[in-house]
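To find a chain, count down the sequence lines: A is the first, B the second, and so on, and within it residues start at 1. All of these numbers come straight from a predicted model, not from anything done at the bench. Values reported hereafter were calculated over all heavy atoms of this structure, with side chains retained and with hydrogens, waters and symmetry mates removed.
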There are 2 protein chains.
Amino acid sequence: MTQQKTFREVIADGEGIFQPSVSLDCVIFGFHENELKVLLIKAKSTDHWALPGGFVFKDEDLDDAATRVLKERTGINDIFLQQFHVFGSAKRSDWNIHRSNFKKDGIEIGPDHWLLKRFITVGYYALVEFAHVITTPDSSSEECRWWDINEIEELFMDHKQILDKALDTLRLQLNHLPIGYNLLPQKFTMPELQKLYETILNKTLDRRNFQRRMTGFGILKRLKETRKGGAHRAPFLYSFDMRKYRKALKQGLHGGW
Amino acid sequence: MTQQKTFREVIADGEGIFQPSVSLDCVIFGFHENELKVLLIKAKSTDHWALPGGFVFKDEDLDDAATRVLKERTGINDIFLQQFHVFGSAKRSDWNIHRSNFKKDGIEIGPDHWLLKRFITVGYYALVEFAHVITTPDSSSEECRWWDINEIEELFMDHKQILDKALDTLRLQLNHLPIGYNLLPQKFTMPELQKLYETILNKTLDRRNFQRRMTGFGILKRLKETRKGGAHRAPFLYSFDMRKYRKALKQGLHGGW
DNA sequence: CTTCGAATGCGTCGTTATGACACAATGCTA
DNA sequence: TAGCATTGTGTCATAACGACGCATTCGAAG
């Protein structure tokens, strides 16, 4: 799927190699400069940006397909990736947009083409470390870049709804999972972690209570280093204690904000 | 789908009327005699019981299909019904069992039959009031009855995994949703409500703390009646305050056990 | 009719979690 | 070296929570 030719082959052959009716879309979250970002793609000739998605090979597990799509777009594997909802409205697709897009792209597809059939899509959301990602459009005809969560207004088909649902899920999970690990670099400061939570929850939190709570979970290791360079008191660096972190992942964190 | 003839037609015609690749299975919970129950079905000639499931009509929303299946089996609509997970393993089906089942049933299906293709199934779970349910097998060749959660050991294909996942989800949701409404009759006692929670969570709770918490949510109305007849002090009857109940559904309940 | 057992209604107490806030320490800059 | 912004740490009142005591009320046994 890395070259135009392969892309065309896939378009022609999809019915033979993919599981029919089923697609998946990934909401890939990153965190950069105190902003929550989402990775979006765009076909050259299309007006709207879209979530990176794909189809499932006939002998491929659904989760593996999601992992594959993620790897294709970010170069990363082995990260937090989780299905969160299935979107199965009968009218969620917009065939006309599809066709005209391909036409602009120089590909003609007939009215019975498999891409124009109805698809039920499984939404996955991923948490990735922004700096580790190499954004990779899946063919020369596409762009691929990070968007600030708040910039996004309209997306391809029902992708905005999918994104919103992913955000809701993320916020719910925040109270049960120690989410920082996949979104932050290995070493980070407490204020950085707090900014992450504040950004996701879209509200400000008390600095001291946040610290008390976070350290109370017992999943953080405070390093002896500090982050110098800021014009103020140097904050300690932290990293996750992976043993306790995994334990917490299973049991879930208590309480809520 | 109520007569054998229609059933055979569906088997023959499925590819034309159903969305390919996609199925759904319902985990229908009920509560009776202080036990958590699940509604299961069985083809006459099959060894294993299964979750009631179905397929999605080509122009039917996924959620509507789930509602339809539920209605077919329980006679109830307008109840708590929620998707909780998609099961998309490539090898989750067992073609041989399928074929031999139909053979025993007097229906021959070829090796390329649509029913033998790979399906990705969406798991739904429902909470229904036990007494309101009229168990309805979907064709004369099937049984349909309630099972105690703890009796169930092995099910058709991966249905046991689906059931377990539904139970996990139910337990998680218990802390966020006032779940009693759909599982209990309109009027119920506090001990009954407590038994429901204890059964789902599979642990005993303190009587007095439970009452304090439940009433603290402010979603219960205590009636002036009591339930006489038990050989002890008559407990008050309660019912849900629907206005506050719906409000709580949106906001979620705080804390956890 | 009285007594008894068992379950329910209601309240207390100590511990812990939570939200709000004060003050000292630190690192850069002027 | 003084000043300022930010971080580290602690306090205090309040609310939530778990464990438990005691009186009340129902049916049943005598």
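The side chain of B:Asn209 approaches D:dC20 more closely than any other nucleotide in the set C:dG9, D:dC20, C:dT8.
A:Thr199 pairs by the side-chain contact (heavy atoms from CB on, under 4.5 Å) definition with A:Phe31, A:Leu36, not counting sequence neighbours. In this view, A:Phe87 and A:His85 satisfy the ring-ring contact (aromatic ring centres under 6.0 Å, His included) rule, not counting sequence neighbours. Applying the side-chain contact (heavy atoms from CB on, under 4.5 Å) test to B:Arg222 and every residue at least two apart in sequence or in another chain returns B:Phe236, B:Tyr238. Residues passing the side-chain contact (heavy atoms from CB on, under 4.5 Å) test with B:Pro235, sequence neighbours excluded: B:Thr189, B:Pro191, B:Arg227.
Straight-line distance from the CG atom of B:Asp206 to the P atom of C:dT12: 16 Å, rounded to whole Å. B:Asn175 places its CG atom 15 Å from the C1' atom of D:dA16, with the value rounded to the nearest Å. Rounded to whole Å, atom P of D:dG8 lies 13 Å from atom CG of A:Leu223. As a whole-Å value, the separation of B:Phe210 CZ from C:dG9 P is 12 Å. The distance between atom CG of B:Leu237 and atom P of C:dT8, rounded to the nearest whole Å, is 13 Å. We find that CD of B:Glu225 is positioned 17 Å from C1' of D:dC26, with the value rounded to whole Å. What separates CD of B:Glu192 from P of C:dG9 is a distance of 11 Å, to the nearest Å. We find that CG of A:Leu205 is positioned 11 Å from P of C:dA20, with the value rounded to whole Å.
A:Arg227 comes within 4.0 angstrom of no nucleic acid atom, judged by non-hydrogen atoms across all strands.
Between A:Asp164 and A:Lys160, at least one side-chain N (NZ, or NE/NH1/NH2) sits under 4.0 Å from a carboxylate O, which counts as a salt bridge.
Heavy-atom distances to DNA chain D give each of A:Pro235 and A:Arg212 a nearest nucleotide, and the one nearer the 5′ end belongs to A:Pro235.
Taking side-chain N and O atoms only, A:Gln211 has a distance below 4.0 Å to OP1 or OP2 of D:dG8.
Remark: the backbone N or O of B:Asp148 is paired with a side-chain donor or acceptor of B:Glu151 at under 3.5 angstrom.
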Under 4.0 Å protein heavy-atom contact, by nucleotide of nucleotides 22-30 of chain C - B base, S sugar-phosphate only | B--BBBS--
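Legend: side-chain hydrogen bond (donor to acceptor under 3.5 Å, both in side chains) pairs involving residues 22-37 of chain B, not counting sequence neighbours, sorted by first then second residue: B:Ser23-B:Thr121, B:Asp25-B:Thr121.
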